[in-house]
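Worksheet: the structure to be examined is printed underneath.
Protein chains get the first letters and strands the later ones, always in sequence-line order, with residue 1 at the start of each.
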Number of protein chains: 2
Amino acid sequence: MLIYCILGFLRFKPMTGYEIKAFMEKSTRNFMFASFGSIYPALKRLKKMKWISSVQKVESGRLRIIYDITPDGKEGFNNWLSSRWSFDKGLEEMLLRIFFGSFLPAEVIQSKYDELSASLDGKRDTLLKLEKEIPEANINSFQHSTLLYGKDFYSFTKKWIIEHKPKMLK
Amino acid sequence: MLIYCILGFLRFKPMTGYEIKAFMEKSTRNFMFASFGSIYPALKRLKKMKWISSVQKVESGRLRIIYDITPDGKEGFNNWLSSRWSFDKGLEEMLLRIFFGSFLPAEVIQSKYDELSASLDGKRDTLLKLEKEIPEANINSFQHSTLLYGKDFYSFTKKWIIEHKPKMLK
DNA sequence: GGCGCCATGTAACCAGTTACATGATTGC
DNA sequence: GCAATCATGTAACTGGTTACATGGCGCC
């Protein structure tokens with residue numbers, strides 16, 4: 001996931017590893033955050049894959065390695081962004097995808113919100129089935145309340161997704 | 001976190017590694033789930049720490065290693081469960097703690113819900129500050145919507161916590 | 001001269017995963 | 001006789017973390 005986050009950032013503009021971390025701090029930090037110890041190795045990995053390129057500069061005495069996304073990288077990023085928007089990998093991936101929604105054509109983005117909404121229904125159904133399988137006598141009120149939270153959470157998130165689905169421009 | 005989950009399960013009743021996984025599957029699976037590849041090593045670790053004990057039995061030809069929590073384990077578990085209920089480690093830890101709420105004295109549990117609620121306020125405040133720091137012109141509607149979701153999510157969860165806070169019995 | 005920020009990176013560690021290996025029992 | 005379930009476990013890998021190491025710039 002971190003690599004797609006980095007790739008997405010580089011679609012906004014070329015950046016150094018340091019800037020990537022700073023950008024995370026003020027944009028995605030509540031759902032996606034990483035330390036230098038994972039950012040720099042991730043950049044090396046992406047470079048090796050040829051999904052990003054780099055230029056070294058010395059600016060006012062400081063070494064800066066500025067990374068940019070390559071056509072291969074764009075393809076990899078777009079494949080990730082346009083693959084099924086399910087909730088299976090959790091809230092974090094959902095929000096990261098939404099964050100980069102502007103890189104998807106307007107016609108596609110609505111169907112992605114619909115996919116998400118369907119996935120949330122599926123999640124809720126699974127919980128409902130789970131609930132039916134458990135005899136109520138075998139579960140205390142705290143255990144039951146975690147199930148309840150799950151159901152309410154999926155309902156809330158689904159409703160939110162529907163309400164915030166981008167409107168089609170006529 | 002996994003070790004506290006296992007410890008909590010063993011407070012309900014002694015179990016084998018296999019049973020622990022099966023129990024997870026039908027109780028905590030939407031917020032806490034692990035494979036055998038992490039359960040068995042975790043049990044070994046807990047055994048080494050003397051937080052759990054084990055008895056080997058051969059029942060109808062099958063080897064079963066039944067684990068039980070020790071007094072040291074109970075202490076470790078209680079320390080974890082009664083440490084500050086913050087939202088810092090995410091939804092999963094919050095739900096796991098609630099799941100084991102019955103192991104906390106009735107007087108304490110209410111204050112834990114209050115702690116959680118305060119922690120959620122704090123999280124929301126951080127997002128509010130973040131939002132103020134970002135000039136609106138610099139952010140597209142998708143980026144903005146992830147912020148919005150964060151705020152709504154914290155509000156929803158806080159409201160839920162308050163509504164489901166256990167009532168004091170008179 | 002010292003602090004805070006800019007900037008890069010590595011090493012040790014941690015907690016998990018998937019895939020594999022083994023083997024017995026139960027029920028159709 | 002075969003599939004599903006019960007039962008234990010390891011090895012290779014993954015994707016991150018914290019702490020450390022290094023060093024220059026800008027400003028008071």
So, is [X] close to the [N] phosphate, meaning a side-chain N or O under 4.0 Å from OP1 or OP2?
{"X": "A:S38", "N": "D:dG15", "result": "no"}
{"X": "B:T16", "N": "D:dC6", "result": "no"}
{"X": "B:R64", "N": "D:dA7", "result": "yes"}
{"X": "B:K44", "N": "D:dT8", "result": "no"}

Starting the side chain at C-beta, find the nucleotide from [options] nearest to [X].
{"X": "B:R62", "options": "C:dG9, C:dG23, D:dT8", "value": "C:dG23"}
{"X": "A:S35", "options": "D:dT18, C:dG16, C:dC6", "value": "D:dT18"}
{"X": "A:F36", "options": "D:dG24, D:dT5, C:dT8", "value": "C:dT8"}

Taking the nucleotide of DNA chain D with the closest heavy atom to each, which residue, B:P41 or B:E19, is nearer the 5' end?
B:E19

Specify the residue among B:Q56 and A:L2 whose closest nucleotide of DNA chain D lies further upstream toward the 5′ end.
B:Q56

A:Y149 and A:F156 aromatic centres sub-6.0 Å
no

Test of ring centre spacing under 6.0 Å for B:Y4 and B:F100
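No: the rings miss the under 6.0 Å criterion.
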
Tell me what B:G37 touches on the nucleic acid: a base, only sugar-phosphate, or nothing, going by heavy atoms under 4.0 Å.
base

Report which part of the nucleic acid A:A42 touches: base, sugar-phosphate, or nothing (heavy-atom distance under 4.0 Å, all strands).
nothing

Distance in angstrom units between [X] [atom1] and [N] [atom2], rounded:
{"X": "B:L63", "N": "D:dG9", "atom1": "CG", "atom2": "C1'", "value": "11 Å"}
{"X": "B:I66", "N": "D:dA7", "atom1": "CD1", "atom2": "P", "value": "9 Å"}
{"X": "A:Y18", "N": "D:dT22", "atom1": "OH", "atom2": "C1'", "value": "15 Å"}
{"X": "A:K47", "N": "C:dT8", "atom1": "NZ", "atom2": "P", "value": "13 Å"}
{"X": "B:L43", "N": "C:dA15", "atom1": "CG", "atom2": "P", "value": "15 Å"}

Between the main-chain N or O of B:M24 and the side-chain N or O of B:R29, is there a donor-acceptor pair closer than 3.5 Å?
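No, because the side chain of B:R29 does not come within donor-acceptor range (under 3.5 Å) of the backbone of B:M24.
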
Has B:E115 got a side-chain atom pairing as donor or acceptor with B:S86's backbone, closer than 3.5 angstrom?
no

Dump the intermediate steps for salt bridge (Lys or Arg N to Asp or Glu O under 4.0 Å) on A:K21 and A:E25, then the final yes or no.
CA-CA 6 Å; A:K21 186 166 183 277; A:E25 223 141 304; 3.7 Å; yes

